[in-house]
2 protein chains.
Amino acid sequence: MTQSAPRAMRCDAQLNRTRIIEFARETFAATPGATLKAIARGAGVGQGTMYRHFPTSDHLLLAVYWAEIDELVDAAPRLLERHEPVLALRLWLQRLAGYGGLGTAVSRAMAAATRADPDGPAYQQISAVLDELLTACRRAHRLRDGVTAHEVLLLMSYVWAAEGGADRPGGPGAGLLDVVMDGLCGRTSH
Amino acid sequence: MTQSAPRAMRCDAQLNRTRIIEFARETFAATPGATLKAIARGAGVGQGTMYRHFPTSDHLLLAVYWAEIDELVDAAPRLLERHEPVLALRLWLQRLAGYGGLGTAVSRAMAAATRADPDGPAYQQISAVLDELLTACRRAHRLRDGVTAHEVLLLMSYVWAAEGGADRPGGPGAGLLDVVMDGLCGRTSH
DNA sequence: ACCTGAACACCGTTCAAGT
DNA sequence: ACCTGAACACCGTTCAAGT
């Protein structure tokens, strides 16, 4: 513990924080575009408190969906153990896309992370994990050269671009993952 | 003229309209996130007038960048005449991406069109023209099956996803068009 | 038919006052 | 150290009143 452990919050602050997050989760599920003020009111805290804990709505979004992001991150090594690299990559991206569509957890947090805090922990973790998948593919000479994790995430932004969600089973964009995979695996150095 | 020709506007209305558009063009160039109220004030019209002509900021955006969209649309047939289909498609997408980056004309209008008015004339024209390019490629058996123009535009949304613009020459996303092209042309039915 | 501008209901943000 | 809630500067939207 040579470094500053984040200085435990006072217990009322901690309580308020969890209260906000919990109420925000329910609220976002019902009303995706809910306002910070409304959430503060509903959670029974002052607006100043809200603002202290979550300076912007993206911060709140990340806090609410943190668990889902963790799941996504944890899934990667498991996939790499059980499948060959390219399939693992495909399944992971599929899962990423599966979270997509506005209103579902990870896509909103991803959008928030890429938008507001590209250097924040959420984006860092996700791109680090994706980088492992890409490296595995590269080692197997199954990936084209010079593609970064950030670029792949950029390419996947079609998932959370459309309001309606581009990932619905039948909808437009359902087949786009095939296109992306072929693009990523074409022209290998093999 | 069996149909309702859009009923010529009164001359003061027409004047106000062009005044708004002109001032908005300058303003957007300087301050991308400019507000409708500020533009109304700067253009010397009442807020009600602003609202009558452009119910939402996306409508204004489309009006401002209409000329650029026309250029893009007109470029397609020329490209098809002078190059083979796949190269034509590539050059057109390159041009589309070249408009990219927030703050440049077409990308903002495209984002506006896909977001607010997916059935509006701008998006219709662009996707129709892209469909011609795709059809030409398909006829030459150089395009994978079952890809629609809408999907390709969805895939290109990486261009206007990032705030900084993903299309800068050296920046991330510069090589993504290659990935997209390989993805689109892989697995042909040829 | 069109324009004006005050008015309304909202938003995020701040900050003095409390505990 | 943290919370509260009034206050501030803004936004889009509406609408009675004018021409």
Side-chain angles (χ1 to χ4, degrees), chain A residues 4-25 27-28 30-64 102 108-109 111-113 115-117 120 163, chain B residues 4-25 27-28 30-64 102 108-109 111-113 115-117 120 163:
Chain A
S4 61
R7 207 73 193 84
M9 273 189 291
R10 229 170 59 179
C11 64
D12 55 345
Q14 185 61 257
L15 180 69
N16 272 332
R17 216 187 131 83
T18 61
R19 248 218 298 244
I20 291 173
I21 292 178
E22 220 150 308
F23 186 80
R25 162 168 285 121
T27 306
F28 282 149
T31 319
T35 195
L36 288 192
K37 215 161 198 164
I39 292 176
R41 187 161 9 100
V45 301
Q47 302 154 217
T49 304
M50 182 60 140
Y51 200 71
R52 165 189 293 267
H53 285 288
F54 307 104
T56 177
S57 60
D58 285 340
H59 289 231
L60 179 56
L61 228 34
L62 285 179
V64 168
L102 207 66
R108 299 184 55 181
R115 190 158 16 97
D117 199 7
E163 291 282 318
Chain B
S4 60
R7 206 75 194 86
M9 273 188 290
R10 230 171 60 178
C11 64
D12 54 345
Q14 185 61 258
L15 179 69
N16 272 333
R17 217 186 131 85
T18 61
R19 248 219 298 243
I20 292 174
I21 293 180
E22 220 150 307
F23 186 81
R25 161 167 285 121
T27 306
F28 282 150
T31 318
T35 194
L36 287 192
K37 216 161 197 166
I39 291 175
R41 188 163 9 100
V45 301
Q47 302 154 216
T49 305
M50 182 61 141
Y51 200 71
R52 166 189 291 268
H53 285 288
F54 307 104
T56 177
S57 59
D58 285 340
H59 289 230
L60 180 56
L61 228 34
L62 285 178
V64 168
L102 206 67
R108 300 184 55 180
R115 190 159 15 99
D117 198 9
E163 291 282 319

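Every chain is numbered from 1 and lettered A, B, ... according to where its sequence line falls, protein lines coming before strand lines.
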Looking at D:dT4, D:dC2, C:dT4, which one has an atom nearest to any side-chain atom of A:Met9?
D:dC2

How long is the line joining NE2 of B:His53 and C1' of D:dG12, in whole Å?
17 Å

Nearest whole angstrom, please: distance from the C1' of C:dG12 to the NE2 of A:His59.
14 Å

Quick one: B:Met50 CE to C:dG5 C1', roughly how many Å, whole number?
15 Å

I want to confirm an ordering. Mapping A:Lys37 and B:Leu36 to their closest nucleotides on DNA chain D, which one lands closer to the 5' end?
A:Lys37

Which part of the nucleic acid, if any, lies within contact of A:Thr35, taking any heavy atom under 4.0 Å across all strands shown: a base, the sugar-phosphate backbone alone, or nothing?
sugar-phosphate

Polar side-chain atom of A:Thr31 near backbone of A:Phe28 as donor-acceptor pair, under 3.5 Å
no

Most 5' of B:Ala38 and A:Ala13 on DNA chain D, judged by nearest nucleotide
A:Ala13

Remember a base hit wins even if backbone is also touched, and classify A:Gly44 as base, sugar-phosphate or nothing at under 4.0 Å, heavy atoms.
sugar-phosphate

How long is the line joining CG of B:Asp58 and P of D:dT13, in whole Å?
11 Å

Rounded off to whole Å, could you give me the CZ-to-C1' distance for the A:Arg10 and D:dC2 pair?
4 Å

Nearest-angstrom distance from the residue atom OH of B:Tyr51 to P of D:dA16
16 Å

Does the side chain of A:Phe23 come within less than 4.5 Å of A:Ile39's, by heavy atoms?
yes

Starting at atom CZ of B:Arg41, determine the distance to atom P of D:dC11, rounded to an integer number of angstrom.
7 Å

Would you say the base of D:dT13 and the side-chain of B:Gln47 have a donor-acceptor pair closer than 3.5 Å?
yes

Looking at A:Ile20, is its backbone amide N or carbonyl O close enough to the side chain of A:Arg25 to form a donor-acceptor pair, meaning the two atoms are under 3.5 Å apart?
no

Nucleotide paired to D:dG18 in any strand shown, Watson-Crick or G-U, under 3.5 Å:
C:dC2

Tell me: CZ of B:Arg52 to P of D:dG12, nearest whole Å?
19 Å

Does D:dA7 pair with anything, Watson-Crick or G-U wobble, both distances under 3.5 Å, and if so, with which nucleotide?
C:dT13

Quick one: does A:Met50's side chain get under 4.5 Å of A:Arg41's, heavy atoms only?
no

Check: B:Val45 main-chain N/O paired with B:Thr49 side-chain donor or acceptor under 3.5 Å
no

